[in-house]
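Report on the structure given below.
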Amino acid sequence: MTGSRPGLPGTRNPPSRMDSHFDPRTIEGPLYEQWEARGGFAPAGEGAPYCIAIPPPNVTGRLHSGHGFQQTLMDALIRYHRMRGRGALWQMGTDHAAIATQMLVERQLAAQGVHPEDIGREAFVARVWEWYDRHDGEIAGQMRRMGASVDWDRYRFTMDEGFQAAVREVFVRLFDDGLIYKKKRLVNWDPVLGTAVSDLEVESEEEDGHLWHIRYPLLGDVRTAAGADHLVVATTRPETLLGDTGVAVHPDDERYRGLVGAHVLLPLVGRELPIVADAHVDPEFGTGCLKITPAHDFNDYEVGQRHGLAILNVFDAGATVNDEAPEPYRGLDRFAARDGVVADLEGLGLLESVEPHRHAVPRGDRSNAVLEPWLTDQWWVDIAPLAAPAIAAVEDGRIRFVPKQFENVYFAWMRDVRDWCISRQQWSGHRIPAWYDPDGNVHVGRDEDEARRRAGLDPDVPLTQDPDALDTWFSSALWTFTTLGWPERTPDLARFHPTDVLVTGYDIIFFWVARMIMMTLRFMDEVPFRTVYIHGLVRDADGAKMSKTRGNGLDPLDIVDGIALPDLVAKRTVDLPQPQMAERIEATTRRDFPDGIPAYGADALRFTYCAMASPGRDVNFDLSRVEGYRNFCNKLWNATKFVLMNLGDAGPGDGPVRLSAADCWIRSRTREMLEAVDRAVDTYRFDLYANAIYDFAWHEYCDWYLELTKPVLWDESTDPASARGARRTLLEVLDVLLRAAHPIMPYITDTLWREQAAATGGDAGTVMLARFPQAEDLDHDPEATAAIEWLKTVVVGVRTIRSEMGIPPRTAITMLLQGGDDIDRTRLDATETLLRRLAGIETVDWLDAQTEPPPAAVHVVGELKVLVPLKGLIDVEQERTRLTREIGKSTGELGRVQGKLANENFVAKAPEHIVAAERGKAADLDARLATLRAQLERLDAL
RNA sequence: GGGUGUUUAGCUCAGUUGGGAGAGCGACGGCCCUACAAGCCGUAGGUCGCAGGUUCAAGCCCUGCAACACCCACCA
């Protein structure tokens, strides 16, 4: 049971006395520093590499519960594999979050009354870097407090020099391969941020709006089938009328037969618009006439392309009306323009009707601004050639998703993925490595010199770099291999890539996971990771998404270290996106946390995260769970205290060792616990892992085994070999338990493990670098297990009688046994002292079968009757009630079993062992009922 | 419109190849017993969303339906 590798020397001396409660704050603080100072987080040893690249948090933010959750799972995996001897690397880093940072710095400047243009690009970028530097330490501090064993020496940042080189390299190579191109087309434009965004950054929500029906007068001598001299179009965005260049109807629509090729007059503008026929039009919707605004609607753009319609852009970058529109509307914001257009149409009698209409409105995920389809020049990645190999990698199993259903999500998106708009009209982020000569020709290169060389341009030709920056996810996509040194061929890259598993949420499968797979296959010619473990999102106790806006978020550190109510309220209501929410947030916060949050400690929080990580489910985070697991930490603390107290001065002691049935039983159960743990980790079942530890530690080791050792250890007549057996087993199982639990709860396990190790005289360093316990280290002992299970049944039976009869726990009782077989007698012999103590029994007597027992309460174990004589202790009526209830239960059960056995098909077709089991059950119930009924009769005779 | 997930005790959730429905929290009753009241002992509570089907046997497999959640695409 040794086998720990040489590790860090322990620095704590075991205290002479352990407090009755553990205090997470005093034990957790110093430990992390020790782990880190001794280099415990760097991959060590000759074992096979094991690597996880952290999903880089945004450098500017604080970590929220989602990070805490995700990082706990990763740390558990890393610590587990490190203890199993793998060269474990948890690659740390942060992301530059271009758009988010741009917004924050702009807001900071705005507070000083400064516009970015006032200070210029260079100064702005300098500010951005200041921002990065200022916030960098915050995340690190949070992660250290949570116990995250990342390798800080390999820290990377998606804007560091290596990343800048990698990004340029990738850009140039994709450009050279024709997979990056620049093109003018309709993009999703954020008029507030003033930049293009990708499809993924569009969030469409249903909102209440209107459907305006507008008359477009027909030109010339044509009429609709109904005889009208105008067409009626329906639109949710009347202001785009200013950019209309056509009207479309369905080719088969009888109402407008013959009008195709004719023209209408665009109201307010006076432009002649052709009527075209296009199958895109749904004749069922509205009037079946569709106004076409190719410059401001994706579908209209397609229709316009098919019919050669003009593209007329009527908005500028801020979505105000430009000079292409008639004079009265110029300079109006799009919403003001809408009001103006509607009012003017009404004045002209061309507004036929307005009806309420619910429809999806696209908004930017960052700014929440209504996005505008806008015609601009942007850089794009041609995705199809990258997607095909990325699909294949998952299809053929080189990458697997856990849970598997997320593969379908991935496939569905990848098989229909559109080109990726990667340019952003912002200063923050990786600047696009492209330069323009005075003629407007574009030249791409790793730097300006290279661009010039490649283009064969003279040094005196002035070049201007493209002002745009890249989508943040462009550099994120290079994460697994660039953090390990690419484009250099470093030893780390060779050793740790592909990484083993990516742990991330389903919300960024498209943003990040898919793009990493595509880019990594392209540039490394191998997968970025073999497994993608997808976890759920953390929600509040009511299942609502945690967000700043809702003010229901929890900082993991506030759970770890605690927070007073006023501080929590202040934290949740400061810098709100919607300040009017403050009052409500304060009220709910005061309701949910009337006393603030106590310091539960990192271990309790980590344990909670693991226990709640059921596959494919979101996590409704509930503090009462944390409290329960904090209590579990205390349980471990006190169990260790008990073990150390009972070692005596001699420690486990030398000499012959005799293991009792209880010792063998708990060793068997320990083995089974370890098997369950390994199974759980292999299948990423963190919840089952946590439960296996919890159930074993609390309900077997503490509730039963510790109690079972008391009679042995506290009885001076116990032979020394048996006492040694108990002491050794107490210690060894504790040691195994602490090592097995360490990946989930590193602080308390290390603290207790050092105490435990010191008690055995060894200086074993830290449990973090100890060997993970193996199931094979422990023996399986079915006979001892059966004996102890027998004992537990008898004890519980007596306790139940006691409790239901109202016999106080301290009142010693007599127990009589009757019936049963040799096995029962053997088991009693082996466990009698244990039985007496656990059930509070003074004397145990066997009655032979013929003897009429005294009036007694009875508990039946198979053939064995456990009797507690009444003798003034027991109320006859109560016992009668109890027996009647027991008889009722058993009768019902027997009925079910007999029903089964009476079924010929069951007996004929069910497997033999199942049938035999049912027969055995029926026999047991029969005997049990006979006993119970006889007992009831005896009571009646009293 | 397409897709995914969920539905099990009052609440939050486990339940592995089909074979006697579980845990935590909460509730109720009893206990300060020399590890732990952040504890110990015991008890109650479920038509496993609904309806069919397969099977000797269904919480689990199949079909349909319902409710809720989410993802994708969107009819202006």
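A note on names: the letters A, B, ... follow the listed sequences, proteins ahead of strands, and every chain is numbered from 1.
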- [ ] Give a yes/no on whether any side-chain N or O of A:Trp698 is located under 4.0 angstrom from OP1 or OP2 of B:C40.
- [x] yes

Task: Proximity to the side chain of A:Arg418 - top-ranked nucleotide from B:A73, B:U43, B:G19 - done: B:A73

TODO: Please determine which of A:Tyr684, A:Tyr533, A:Tyr410 meets the ring-ring contact (aromatic ring centres under 6.0 Å, His included) test together with A:Phe401.
DONE: A:Tyr410

Open item on the list: Let's see if you can work this out: which of B:A14, B:G42, B:C72 has an atom nearest to the side-chain heavy atoms of A:Glu804?
Closed with: B:G42

Open item on the list: Need one value for A:Val796: base, sugar-phosphate or nothing, where a base atom within 4.0 Å counts as base even if backbone is also close, heavy atoms only.
Closed with: sugar-phosphate

Open item on the list: If you compare every side-chain N and O of A:Lys404 against the phosphate oxygens of B:G5 (OP1, OP2), does one of them come in below 4.0 Å?
Closed with: no

Open item on the list: Tell me whether the side-chain N/O atoms of A:Arg799 come closer than 4.0 Å to OP1 or OP2 in B:G42.
Closed with: yes

Task: Short side-chain N/O contact from A:Arg625 to OP1 or OP2 of B:C11, under 4.0 Å - done: no

- [ ] Ignoring the backbone of A:Ser204, work out which of B:A38, B:C74, B:U43 is nearest its side chain.
- [x] B:C74

TODO: Ignoring backbone atoms, establish whether A:Lys710 has a side-chain N or O less than 4.0 Å from OP1 or OP2 of B:A35.
DONE: yes

Open item on the list: Applying side chain to side chain donor-acceptor pair (under 3.5 Å) to A:Lys889 and A:Thr891, what does each step give before you reach the verdict?
Closed with: CA-CA 5 Å; A:Lys889 265 192 205 168; A:Thr891 307; over 6 Å; no

TODO: Mind checking which stems touch RNA chain B? I mean at least 3 consecutive Watson-Crick or G-U pairs, both distances under 3.5 Å.
DONE: B:1-7 with B:66-72, B:10-13 with B:22-25, B:27-31 with B:39-43, B:49-53 with B:61-65

Open item on the list: Less than 6.0 angstrom from the centroid, inside 45 degrees of the normal: does A:Arg415 satisfy that with respect to the ring of A:Phe411?
Closed with: yes

TODO: Please measure how far the C1' atom in B:U8 lies from the corresponding atom in B:G1, and state the result in whole Å.
DONE: 33 Å

Open item on the list: On RNA chain B, compare the nucleotides closest to A:His359 and A:Glu627; which residue's is nearer the 5' end?
Closed with: A:Glu627

Task: Distance between P atoms of B:G45 and B:A23 (Å, rounded) - done: 14 Å

Task: Whole-Å gap separating P (B:C71) and CD (A:Glu205) - done: 8 Å

Open item on the list: Both conditions, 6.0 Å and 45 degrees, for the charged tip of A:Arg799 above the ring of A:Trp704: are they met here?
Closed with: yes

Open item on the list: Over all strands shown, is A:Phe22 touching base, sugar-phosphate only, or nothing at heavy-atom distances under 4.0 angstrom?
Closed with: base

Open item on the list: Under 4.0 Å, counting only non-hydrogen atoms across every strand here, what does A:Lys792 touch: a base, just sugar-phosphate, or nothing?
Closed with: nothing

TODO: Count the heavy atoms belonging to other residues, nucleotides or ligands that lie under 6.0 Å from CD of A:Glu912, then report whether that count exceeds 12.
DONE: no

Task: Closest-nucleotide 5' rank along RNA chain B - winner of A:Asn903 and A:Tyr701 - done: A:Tyr701

Task: Nearest-nucleotide pick for A:His21, side chain only, options being B:A37, B:A35, B:A76 - done: B:A37

Open item on the list: Is A:Arg685 close enough to B:C13 that one of its side-chain N or O atoms is under 4.0 Å from OP1 or OP2 there?
Closed with: no

Task: Phosphate contact (B:G30 OP1 or OP2) by A:Ser803 side-chain N/O below 4.0 Å - done: no

Task: N or O in side chain of A:Asn638 less than 4.0 angstrom from B:G39 OP1/OP2 - done: no

TODO: Would you mind telling me which of B:U43, B:U34, B:A76 lies closest to the side-chain atoms of A:Trp714?
DONE: B:U34

- [ ] Measure from the side-chain heavy atoms of A:Leu706 and tell me the nearest of B:C70, B:A14, B:A35.
- [x] B:A35

- [ ] Give the nucleotide from the list B:G24, B:U43, B:G19 with an atom nearest to the side chain of A:Thr800.
- [x] B:U43

Open item on the list: What's A:Asp300 touching, base or sugar-phosphate or nothing? Going by heavy atoms closer than 4.0 Å.
Closed with: nothing

- [ ] Just call it for A:Glu707: base, sugar-phosphate, or nothing, with non-hydrogen atoms closer than 4.0 Å on any strand.
- [x] base

- [ ] Quick one: pull up CG in A:Leu623 and CG in A:Leu554 and give me the separation to the nearest 0.5 Å.
- [x] 6.0 Å

Open item on the list: Using atom P in both nucleotides, what's the gap between B:U54 and B:A44 to the nearest angstrom?
Closed with: 37 Å

Open item on the list: Under 4.0 Å, counting only non-hydrogen atoms across every strand here, what does A:Cys289 touch: a base, just sugar-phosphate, or nothing?
Closed with: nothing

- [ ] Indicate yes or no for a side-chain donor-acceptor contact from A:Asp253 to the backbone of A:Arg255 under 3.5 Å, with no hydrogens or angles considered.
- [x] yes

Open item on the list: When the P atoms of B:U4 and B:U43 are compared, how many Å lie between them, rounded to an integer?
Closed with: 45 Å

Open item on the list: Please report the distance separating the C1' of B:G49 from the corresponding atom of B:A69, rounded so that it comes out in whole Å.
Closed with: 15 Å

TODO: Give the rounded distance in Å between these two atoms: CG of A:Leu644 and C1' of B:C36.
DONE: 14 Å

Open item on the list: Quick one: does any side-chain atom of A:Arg836 pair with a main-chain N or O of A:Glu842 as donor and acceptor, under 3.5 Å?
Closed with: yes

Open item on the list: Counting the atoms with a prime plus P, OP1 and OP2 as sugar-phosphate, which does A:Ala910 contact under 4.0 Å by heavy atoms, base, sugar-phosphate, or nothing?
Closed with: base

Open item on the list: Determine whether the aromatic ring centres of residues A:Tyr694 and A:Tyr629 are separated by less than 6.0 angstrom.
Closed with: yes

Task: Rounded distance (Å) that lies between atom C1' of B:A73 and atom CZ of A:Phe411 - done: 20 Å

Open item on the list: Using a heavy-atom cut-off of 4.0 Å across all strands, would you classify A:Asp622 as base, sugar-phosphate, or nothing?
Closed with: nothing

- [ ] Let me know the distance between CD1 of A:Ile214 and P of B:A76, rounded to the nearest Å.
- [x] 15 Å

TODO: Answer yes or no: does a side-chain N or O of A:Lys641 lie under 4.0 Å from OP1 or OP2 of B:A35?
DONE: no

Task: Separation between the P atoms of B:A14 and B:C61, rounded to whole Å - done: 15 Å

- [ ] Ignoring backbone atoms, test whether A:His699 places a side-chain nitrogen or oxygen under 4.0 Å from the OP1 or OP2 oxygen of B:C41.
- [x] no

Open item on the list: Nearest to the A:Arg630 side chain among B:A38, B:A76, B:U43, which nucleotide is it?
Closed with: B:A38

Task: Worked verdict on A:Tyr701 versus A:Asp695 for side chain to side chain donor-acceptor pair (under 3.5 Å) - done: CA-CA 9 Å; A:Tyr701 186 66; A:Asp695 286 335; over 6 Å; no

- [ ] For A:Lys291, answer base if it contacts any base atom (sugar-phosphate contacts may also be present), sugar-phosphate if it contacts only those atoms, and nothing otherwise; contact means non-hydrogen atoms under 4.0 Å.
- [x] nothing

TODO: Establish, with yes or no, whether the OP1 or OP2 oxygen of B:A14 is under 4.0 angstrom from a side-chain nitrogen or oxygen of A:Arg617.
DONE: yes

TODO: Establish, with yes or no, whether the OP1 or OP2 oxygen of B:C40 is under 4.0 angstrom from a side-chain nitrogen or oxygen of A:Lys635.
DONE: yes

Open item on the list: Under 4.0 Å from OP1 or OP2 of B:G24: is there any side-chain N or O of A:Asn691 that close?
Closed with: no

Task: Rounded distance (Å) that lies between atom C1' of B:G18 and atom NZ of A:Lys900 - done: 11 Å

Task: C1' atoms of B:G46 and B:G22, separation to the nearest Å - done: 11 Å

- [ ] Specify the closest pair of heavy atoms between A:Leu730 and A:Leu706, including all atoms of both residues, with the distance to one decimal.
- [x] CD2-CD1, 3.6 Å

Task: Whole-angstrom distance between B:G59 and B:G20, as gauged at atom C1' - done: 14 Å

